[in-house]
Asks: 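I have a structure here, written as structure tokens, and I will follow up with some questions on it.
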2 protein chains.
Amino acid sequence: MDFPINRIKGGVGAAKGFLTSAIACGIKNPAVERLDLALIHSETPCVSAGTFTTNRVKAAPVKMTQTHVRKGNLRAIVANSGNANACTGMQGIHDARAMADGVAKPLGLKRGEVGVCSTGVIGLPMPMMRIEPHFEKLIDGLARSKGDEVARAIMTSDTRPKELAISFDLGGTRVRLGGCVKGAGMICPSMATMLCFITTDVVISKEDLQRAVLEAVEESFNRITIDGDTSTNDTVLVLANGASGGRRLRRNGPRCRQFREALKWLMLELAKAIVRDGERVTKFVHVKVRGARTYLDAKKVAEAVCKSALVKSSWNGGDPNWGRVLHAVGYSRASIREELIDILYDGTPACTGGLQATTAMEKLRDIAAKPEFEIEIRLNQGSAEYDMYSSDFSPEYIDFNRSEYAYWKQARKDGLV
Amino acid sequence: MDFPINRIKGGVGAAKGFLTSAIACGIKNPAVERLDLALIHSETPCVSAGTFTTNRVKAAPVKMTQTHVRKGNLRAIVANSGNANACTGMQGIHDARAMADGVAKPLGLKRGEVGVCSTGVIGLPMPMMRIEPHFEKLIDGLARSKGDEVARAIMTSDTRPKELAISFDLGGTRVRLGGCVKGAGMICPSMATMLCFITTDVVISKEDLQRAVLEAVEESFNRITIDGDTSTNDTVLVLANGASGGRRLRRNGPRCRQFREALKWLMLELAKAIVRDGERVTKFVHVKVRGARTYLDAKKVAEAVCKSALVKSSWNGGDPNWGRVLHAVGYSRASIREELIDILYDGTPACTGGLQATTAMEKLRDIAAKPEFEIEIRLNQGSAEYDMYSSDFSPEYIDFNRSEYAYWKQARKDGLV
């Protein structure tokens, strides 16, 4: 960014006028004490914007929250981990509404002012008997600077909480922007399978916020992939309450552009954090496509390379296998010419004009052995570019995802199936 | 099939008038004695047809053989494993030509009558010094009933040779049809990454043979997937020499339709054999999509389910995770309605109307524990159908594909890089 920012503490609770809370309900397993229900609340009215999964099978809370965001503005978000409330039919809608109502009433809000997000196993009913008795405790817990607890409560297979907050000067007014994400599995372009909550105290219109969110998501969460799957529950929600004071951002004015840049930067940092914490991930690879004929060609090439199981397996082995990269470029359906293509690892040529470069294999191997590296694919046909962030595929990923049978056993104990 | 067939011995060498040979050259590793160079030759002129990879990065032998098939008819095929001769530039073209010439001259053929196929590592030059001295031995070895040796010589990460031959009555004339395949990794629709050679002694025109091949490939090799990757070397070649005698098949006549049906059946059996022998595969899953609005919708759903890393991981664990199947249906971009969808495992409902069926989980788990089972996805919106054959993803697949560094070391020993 071309303006100074300060990293500040507090994550999604860092912006002025926002309170957060998180408690343990035992949603996934009552025997285990871990945070699994979170609440974000603005003391004053907000404008809000969001983007949602493109999967046609949408979880009940996604359907409801999407309507709330379209028709009005959220002032609170309640989120749980341990159950996605997806593929749950009318009961799911009923449960999502009950979650919204559970916090709306005591906070003096309408149902439409509450966003609900769920993440976890698909196809099992929500264990509402373990959630509903705890709304009072959740609301009683509302406080400043509990943002990190929200970040922990939405974790599923994530190994660590992922949050970030910044403050910066916006035309003489100090503003704050903070957020948290969860991700780990099922991460793919067209909305990474994840939840992202961002709050800010800037003064902005709903329309301008929605534009900024769409643009920022396109250049952050839509550019990461872990396993190529897209989930039923992906949601990005951004709340702006104007508590910083100062004049409202003027559309396309310099302050508005500056805010958009900051939002994009924050989302990209959070998106990268998701890849780095991907399920059983050992590598973080930045794939840069350069010199494509069109933007769409560049995107196709990046996506084919970042999603190839063979390419991702070779990353896991630290193998600088440019042949597999080139073969993925070949089946990407982009307009390419094999004999023009260069492939570089951290700037060192591995393939020049479609052929093996003269670089010593040991040098490339040292680069591919690092936990993070860049692969630049130069198509040398035009000037379009695309960047993506991907991870390896590890044997442990599959082992980890082989069975969710434990969920079923717990659900049966609960009398839900 | 609705007519009787006999399974016969001999694989790709079973048809009348075809001779085959296979030898060990040490292409991949001179220290290991295994068959890696094969030859198929018809004693009399043939008509021939083929389909080739849709990858824009095509191996040198693919480019050359594609031209030979377009411009004329093959009478011989020379094939090697251990090196794909892909991403090898002008040297690759030169080497592919040298392989064609190496067998054409002693057999009294033109270069254009020889098809060349290579499979193995990408990006390394062909070790021609280990191939060229052996053409004489290869040709001297030509004999009937060595088809199984051809099937073994084209194996790479395959664990077993895959071949099949049949004979049947075609309007009073006994005809034979036999073939072999290699596959294992990089298998995906739009040409599985594989080689398939089929010979037959029917009397058919080139045009009719090409039609029959295109139709059969569409319903066999284009319907399998192991890892979603498409290779640089995929090739299906079919040679028909007319040695059975009898009248030529009349286009769209009953004998022609019967031959097409037999060819399709043979290719589908060989395609299924590839999936069953996929790299570190433990499950064979037949995915049936029914009741789609359009053929394209049915295909999109089948491909999304068969390629989902999460679905394939759950198959590896024997987990009847219909939620993951449904979420893949959701992101397939097909026109679907969640609340209409039924999912059945071997005919037993797991999901009804988008919700969990009442079937006991133990029953579904017993089905998913089997090495082979069917998943039927009923979209209940129309009458279009699509079938695909897929495998699980195993931790061992990734472990197996982590590194090809050994190839590089051998190539350096050979002075090729």
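We use all heavy atoms of the structure for the numbers below, so side chains are in, but hydrogens, waters and symmetry mates are not. In the text below, chain A, chain B and the rest are named by the order of the sequence lines, each starting its count at 1.
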Asks: With sequence neighbours excluded, what pairs up with Asp366(B) under the side chain to side chain donor-acceptor pair (under 3.5 Å) test?
Replies: none
Asks: Against chain B, work out which of Arg337(A), Arg56(A), Gln91(A) has the most heavy-atom pairs shorter than 4.5 Å and name it.
Replies: Arg56(A)
Asks: Between Ile341(A), Leu355(A), Val329(A), Thr88(A), which shows the greatest number of heavy-atom pairs under 4.5 Å with chain B?
Replies: Leu355(A)
Asks: Identify, with sequence neighbours excluded, every residue that meets side chain to side chain donor-acceptor pair (under 3.5 Å) alongside Thr352(A).
Replies: none
Asks: Less than 4.5 Å to any heavy atom of chain A: does that hold for the side chain of Ala334(B), its backbone, both, or neither?
Replies: backbone
Asks: Which distance, rounded to the nearest 0.5 Å, do you find between the CE of Met128(A) and the CG of Asp95(A)?
Replies: 5.0 Å
Asks: Could you look at Ser394(B) and say if it's the side chain, the backbone, both or neither that has a heavy atom under 4.5 Å from chain A?
Replies: backbone
Asks: Passes side-chain hydrogen bond (donor to acceptor under 3.5 Å, both in side chains), Asn55(B) versus Asp234(B)? Steps please.
Replies: CA-CA 9 Å; Asn55(B) 196 312; Asp234(B) 306 323; over 6 Å; no
